[in-house]
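Inspection log for the structure reproduced underneath, given as structure tokens.
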There are 2 protein chains.
Amino acid sequence: MQTPLARKLAHYVALDTAELAALEMLQRPDRVLGPGTELGWEGQIGQKAFILASGWVVSYKTLRDGSRQIVDFQVPGDFIGVRNILFRTAEHSFETITDVALSEVSGADLIAVFSTAPRLATAILWALSCEEAMVVEHLVDVGRRSALVRTAHFLLELGARLRLVGLASPDGYDCPLTQYLLADALGLSAIHVNRVLRRLREMGLLTFRDGVVRFDDLDALVKLAEFDMAYLMDAGPLLQRIPPTAAP
Amino acid sequence: MQTPLARKLAHYVALDTAELAALEMLQRPDRVLGPGTELGWEGQIGQKAFILASGWVVSYKTLRDGSRQIVDFQVPGDFIGVRNILFRTAEHSFETITDVALSEVSGADLIAVFSTAPRLATAILWALSCEEAMVVEHLVDVGRRSALVRTAHFLLELGARLRLVGLASPDGYDCPLTQYLLADALGLSAIHVNRVLRRLREMGLLTFRDGVVRFDDLDALVKLAEFDMAYLMDAGPLLQRIPPTAAP
DNA sequence: CGTCGGGTTGATAACTTTCAAATTTCGTGG
DNA sequence: CCACGAAATTTGAAAGTTATCAACCCGACG
């Protein structure tokens, strides 16, 4: 039985037994949390990093007026707060959405992986890099796409991420997000999200109900959203370009 | 005479002579380009990275319908495309806005710095990390702030970045951006940007004219934009937390 | 001159939010 | 099993924000 992270990395590089073992070591879930738990907050120093084994987490920034912008959702196989253990940047806050299981990862753990399994380390960096590329795509979503296209694009992207870890099919996926969460991610009001979802449903494109996203017409949806998952699915050629010596 | 990058890094850590020399080596401007030059484009592999010595560069993504979202502006002292030499992520495009001078940096150069001047390397990583944190702040801007606050916040942020490299004062700075560029960065129409700028001017907060941003009432502006430059100015305590051995 | 890129303004249309309220869902305790 | 309350969803109407369209102005430049 593969873990989500192993499954994701397998898309980028074929790991050998030793690497798989090292990976296994990193992600023994050692913590289980209920929904609505804070994992850290802006400005905190020396936080821990985590690998999410199951469940969903949201990372966001809160504004003074109480509104918030969701930067990203983390799904199984994603890292949480890796940046925080390396640098003190004003990071966002993290909060669990569902029940989650995660494993804590220290800086020492990461460094150990870098020295013992450089190929694995590179694959991890690549996955991290993808997660950051998604923030850019998210910015494009919010800045330049209509509410309808934006919502479609976002839900497609989530689907693509979940497929990487085996939690979605071309037909759809389980999605524990409320319309409020979706609204804060998309920069819309929850009420408008509701209308947009209704429109997508009436257009026969997708149905989001009872915690399930179902793609009713995937092709039309991809076309509407001009969705291109290349930046997620590309086989990372990095391993040919960064020899192991680059990460001693 | 300090280079912009040296000036910026000096905010984070006091570099010794050897480190300064290594830094100097990295940024011999070896290329001068006129405005409107493309530096790379989405999906390209194995691109070069650059350090910007003078002038402004824009990084953006283009949508099918021709509209675009500007992800960030690069100002002197910033890196361009570092991610690209390490990973093949679907990156954005880069284009010069003004005349620019830049130095090409290869992966080998970077790796060399990491082995010979780890403290410098860490400072560089920290600066890079800040640049990425700014994308997140940008997302918050576009997603959850009104056009007025968003514009004010963005121009303040640019000012803060420029002050780090000695190109701005508390009074204002030279800014070669057109209202169209600003619009594509802020997710607004150029026409609306014009109106917003007029309003900011009429409110006595800031004047953006003839390529100059002047802060007419910095305190009020900071308050309006709920601007917090902590994530830019914080003395990075990272050097105490990441011993040189972490970057061999 | 005449054109072109940038800036400015007004009028109108479109999109999105806000406010208010009804409806449904769901966990919990009676 | 049902009742209850909190949370989530849904809908309508009105208000507000921003985009679009259509001009016009201005300075740089050939």
Side-chain angles (χ1 to χ4, degrees), chain A residues 34-36 56 58 63 65-70 95-99 141-152 154-155 174-203 206-214, chain B residues 34-36 56 58 63 65-69 95-99 141-152 154-155 174-203 206-214 224:
Chain A
W56 290 47
V58 58
L63 277 68
D65 67 3
S67 66
R68 69 173 176 175
Q69 174 65 45
I70 288 177
E95 188 176 321
T96 60
I97 294 175
T98 65
D99 286 320
D141 252 3
V142 173
R144 279 291 180 233
R145 290 197 243 257
S146 71
L148 190 76
V149 172
R150 188 188 313 181
T151 306
F154 193 77
L155 291 176
D174 290 342
C175 176
L177 304 180
T178 67
Q179 295 183 353
Y180 282 88
L181 283 168
L182 215 40
D184 281 342
L186 296 172
L188 299 169
S189 69
I191 291 158
H192 199 60
V193 166
N194 182 282
R195 293 185 225 274
V196 167
L197 289 176
R198 170 155 52 102
R199 196 134 75 88
L200 285 170
R201 192 187 323 131
E202 287 169 356
M203 290 169 76
L206 79 76
T207 308
F208 180 11
R209 272 210 153 129
D210 304 321
V212 176
V213 171
R214 189 181 71 226
Chain B
W56 290 48
V58 57
L63 277 70
D65 66 2
S67 66
R68 69 173 176 177
Q69 174 64 46
E95 188 176 322
T96 61
I97 294 175
T98 65
D99 286 319
D141 252 2
V142 173
R144 277 292 178 234
R145 292 199 242 254
S146 71
L148 190 76
V149 172
R150 188 188 312 180
T151 306
F154 193 77
L155 291 176
D174 290 341
C175 177
L177 303 180
T178 66
Q179 295 182 353
Y180 283 86
L181 282 167
L182 215 41
D184 282 342
L186 296 173
L188 300 169
S189 70
I191 292 162
H192 200 60
V193 167
N194 183 283
R195 294 186 224 272
V196 167
L197 289 176
R198 169 153 56 100
R199 195 133 78 87
L200 285 171
R201 193 187 324 134
E202 287 170 357
M203 291 169 77
L206 80 77
T207 308
F208 181 11
R209 269 205 156 135
D210 304 320
V212 176
V213 171
R214 189 182 70 226
L224 168 75

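This is a predicted model, so every value here is computed, not measured. Each chain gets a letter, A, B and so on, in the order its sequence line appears, and its residues count up from 1. The analysis underlying the following values was restricted to heavy atoms, covering all of them including side chains, and did not include hydrogens, waters or symmetry mates.
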Problem set entry | Partners passing salt bridge (charged side-chain N to carboxylate O under 4.0 Å, His left out) against B:D141 (at least two apart in sequence or in another chain) | B:R145

For this session: Take the C1' atoms of the five end pairs on each side of the helix from C:dC1-D:dG30 to C:dG30-D:dC1, get both axes, and report the angle to 10 degrees.
Result: 40°

Exercise. Would you say A:P35 and A:I97 make side-chain contact, with heavy atoms under 4.5 Å?
Worked result: no

Problem set entry | Value rounded to 0.5 Å, distance of OG1 in B:T96 from CH2 in B:W56 | 14.0 Å

For this session: Heavy atoms only: give me the nearest A:A183-A:S189 pair and the separation to one decimal.
Result: CB-C, 3.6 Å

Seminar exercise, completed: Note: for A:R144 and A:R201 on DNA chain D, the residue whose nearest nucleotide lies more 5' is A:R201

Exercise. Considering only heavy atoms, which members of residues 176-186 of chain B lie under 4.0 Å from some atom of DNA chain D?
Worked result: none

Problem set entry | From CG (B:L206) to CG (B:L197), nearest 0.5 Å | 7.0 Å

Exercise. For B:R195 and C:dT8, is the shortest distance between a side-chain N/O and OP1 or OP2 below 4.0 Å?
Worked result: no

For this session: Quick one: label B:R209 by what it contacts on the DNA or RNA (base, sugar-phosphate, nothing), any heavy atom closer than 4.0 Å.
Result: sugar-phosphate

Problem set entry | Range on DNA chain D touched by chain A - first to last nucleotide, heavy-atom distance under 4.0 Å | D:dA8 to D:dA13

For this session: Remember a base hit wins even if backbone is also touched, and classify B:G187 as base, sugar-phosphate or nothing at under 4.0 Å, heavy atoms.
Result: sugar-phosphate

Exercise. Under 4.0 Å: is that the gap between some side-chain N or O of B:N194 and OP1 or OP2 of C:dG7?
Worked result: no

Exercise. How far does OG1 of B:T98 sit from CG of B:D174, to the nearest 0.5 angstrom?
Worked result: 11.0 Å

Exercise. Hey, what do you get for CD (A:E202) to CZ (A:R198), rounding to the nearest 0.5 Å?
Worked result: 5.5 Å

Exercise. Contact class for A:A190 vs. all strands (heavy atom < 4.0 Å): base, sugar-phosphate, or nothing?
Worked result: nothing

Please enumerate all protein N or O atoms sitting under 3.5 Å from an N or O of nucleotides 21-26 of chain C, with distances to 0.1 Å.
none

Exercise. Starting at CZ of A:R150 and ending at C1' of C:dC15, how long is that distance when rounded to a whole Å?
Worked result: 11 Å

Seminar exercise, completed: Rounded to the nearest 0.5 angstrom, the CG-OG1 distance for A:L188 and A:T151 is 5.5 Å

Exercise. Nearest heavy-atom pair of A:D184 and A:R68: which atoms, and what distance?
Worked result: OD2-NE, 2.7 Å

Exercise. Between C:dA11 atom C1' and B:H192 atom NE2, what is the distance in whole Å?
Worked result: 15 Å

Problem set entry | Interatomic distance, A:L181 atom CG to A:C175 atom SG [nearest 0.5 angstrom] | 9.0 Å

Problem set entry | Distance-minimising heavy-atom pair for B:L155 and B:V213 | CD2-CG2, 4.4 Å

For this session: Using heavy atoms to find the nearest nucleotide of DNA chain C for A:R199 and B:L197 separately, return the residue whose nucleotide is more 5′.
Result: B:L197

Problem set entry | Distance, rounded to the nearest Å, where A:L188 contributes CG and C:dT16 contributes C1' | 8 Å

For this session: Write down the atom of B:Q69, the atom of B:G187, and the distance for their closest heavy-atom approach.
Result: OE1-CA, 4.2 Å

Exercise. Tell me, do B:L182 and B:F154 make a side-chain contact under 4.5 Å, heavy atoms counted?
Worked result: yes

Exercise. What pairs with B:D65 under side chain to side chain contact (heavy atoms under 4.5 Å, CB included), at least two apart in sequence or on another chain?
Worked result: B:L63, B:S67

